[in-house]
Amino acid sequence: MASSSSAGRAFSDSDALTPLLFQLFAAHGCLLDDSLAAHLATATQRSWSSEQLRLLFVAANANLRPMGFEVRTVMMRGAVPPTSSSTTASASASAVTRVHCLVNIEEDHVAREAGSVFAVDELKLFTATLQRLLWRRKMTTADVVEVCLDNAPPGERRKQTFLQELVGRWEQAQWLTRTEANLLEIGPRTHLELRQLLETFAESPTEEDEAAGRDAAAVAQSLPQIIIH
């Protein structure tokens with residue numbers, strides 16, 4: 001249990017550190033525990049434990065929610081690849097890794113997509129990919145490209161090189177993540193910002209989804225835990 005002094009310090013620091021948190025998440029997207037702790041240690045000249053980070057999130061969210069944002073955490077199972085500012089991946093495929101992200105809490109997924117850097121047709125391709133990936137768990141880049149080719153509007157079939165680059169952009173945005181076996185799976189930002197959409201896909205499988213050999217209850221239970229601070 002955290003000491004009262006740790007809790008008090010986290011809350012007293014929240015006003016000063018909220019802008020820093022906002023800047024860090026804006027610059028790096030989702031951040032692993034150790035990576036975020038390292039950034040904060042550099043800025044504050046003191047170490048940060050996981051519990052101190054949690055207390056800071058609770059306090060900072062009181063400032064962020066009126067602006068339509070909050071810090072949330074997803075408990076990702078498996079070997080999570082390093083983020084742009086972390087040099088190490090989680091060591092074990094059975095390990096659970098905390099991944100933190102600043103999320104928009106006022107807009108639904110349609111509104112978020114409207115403000116996305118991706119074009120409308122690219123978002124539609126991602127939605128199709130996401131549904132297939134939810135049921136298959138992991139896919140190769142070639143498999144994802146094939147899904148995109150199958151779902152491209154008539155007369156607008158993209159070249160494979162373009163689609164491979166698009167998959168890379170989805171990875172960079174942390175909508176997808178790549179395992180140590182070089183397979184793609186749903187990324188932390190998707191779990192945090194599009195959870196409702198994932199739950200809808202779990203409840204309404206297509207024939208191709210059901211062909212993956214998993215039932216809806218198993219798919220829903222496989223979704224990682226989301227922590228709202």
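Residues Leu133 and Val144 form no side-chain contact, since every pair of their non-hydrogen atoms from C-beta on lies 4.5 Å or further apart.
With rounding to the nearest 0.5 angstrom, the CG atom of Asn61 is 8.5 Å from the OG1 atom of Thr18. Rounding to the nearest 0.5 Å places CD1 of Ile186 at 10.5 Å from CE of Met139. In this structure, OG on Ser50 lies 4.5 Å from CZ on Arg98, to the nearest 0.5 angstrom.
Heavy-atom minimum distance, Ala216 versus Ala202: CB-O, 3.2 Å. In terms of heavy atoms, Ala41 sits closest to Trp48 at N-CD1, 3.8 Å.
Ring orientation note: the planes of Phe126 and Trp170 are nearly perpendicular, at an angle over 60° on the 30°/60° scale.
Counting only distance, with no hydrogens or angles, the side chain of Thr190 and the backbone of Trp175 share a donor-acceptor pair below 3.5 Å.
Heavy atoms from other residues, nucleotides or ligands lying under 6.0 Å from CD of Gln172 number 12 at most.
At a threshold of 4.5 Å between side-chain heavy atoms, the hydrophobic network of Ile, Leu, Val, Met, Phe, Trp and Tyr places Phe22 and Leu31 in one connected group. Note on Leu102: it clusters hydrophobically with Leu20, by side-chain heavy-atom contacts below 4.5 Å among ILVMFWY residues. Linking Ile, Leu, Val, Met, Phe, Trp and Tyr residues whenever their side-chain heavy atoms come within less than 4.5 Å places Val145 and Leu123 in a single cluster. Transitive grouping of hydrophobic side chains (ILVMFWY, heavy atoms separated by less than 4.5 Å) keeps Leu130 and Leu183 in distinct clusters.
A donor and an acceptor atom, one from each side chain of Thr73 and Arg54, are nowhere located under 3.5 Å apart.
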message = Apply ring-ring contact (aromatic ring centres under 6.0 Å, His included) to residues Phe69 and Phe25 and explain how you reach the verdict.
response = CA-CA 11 Å; Phe69 296 94; Phe25 286 122; over 10 Å; no
task = Could you give me the CA-CA distance, side-chain angles and deciding distance for Glu165 and Arg169, then say whether salt bridge (charged side-chain N to carboxylate O under 4.0 Å, His left out) is met?
result = CA-CA 6 Å; Glu165 292 174 356; Arg169 290 167 58 205; over 6 Å; no
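Electrostatic pairing of Glu185 and Arg137 does not count as a salt bridge here, judged by no charged N lying under 4.0 Å from a carboxylate O. Glu193 and Arg72 are not joined by a salt bridge, as no carboxylate oxygen comes within less than 4.0 angstrom of a charged side-chain nitrogen.
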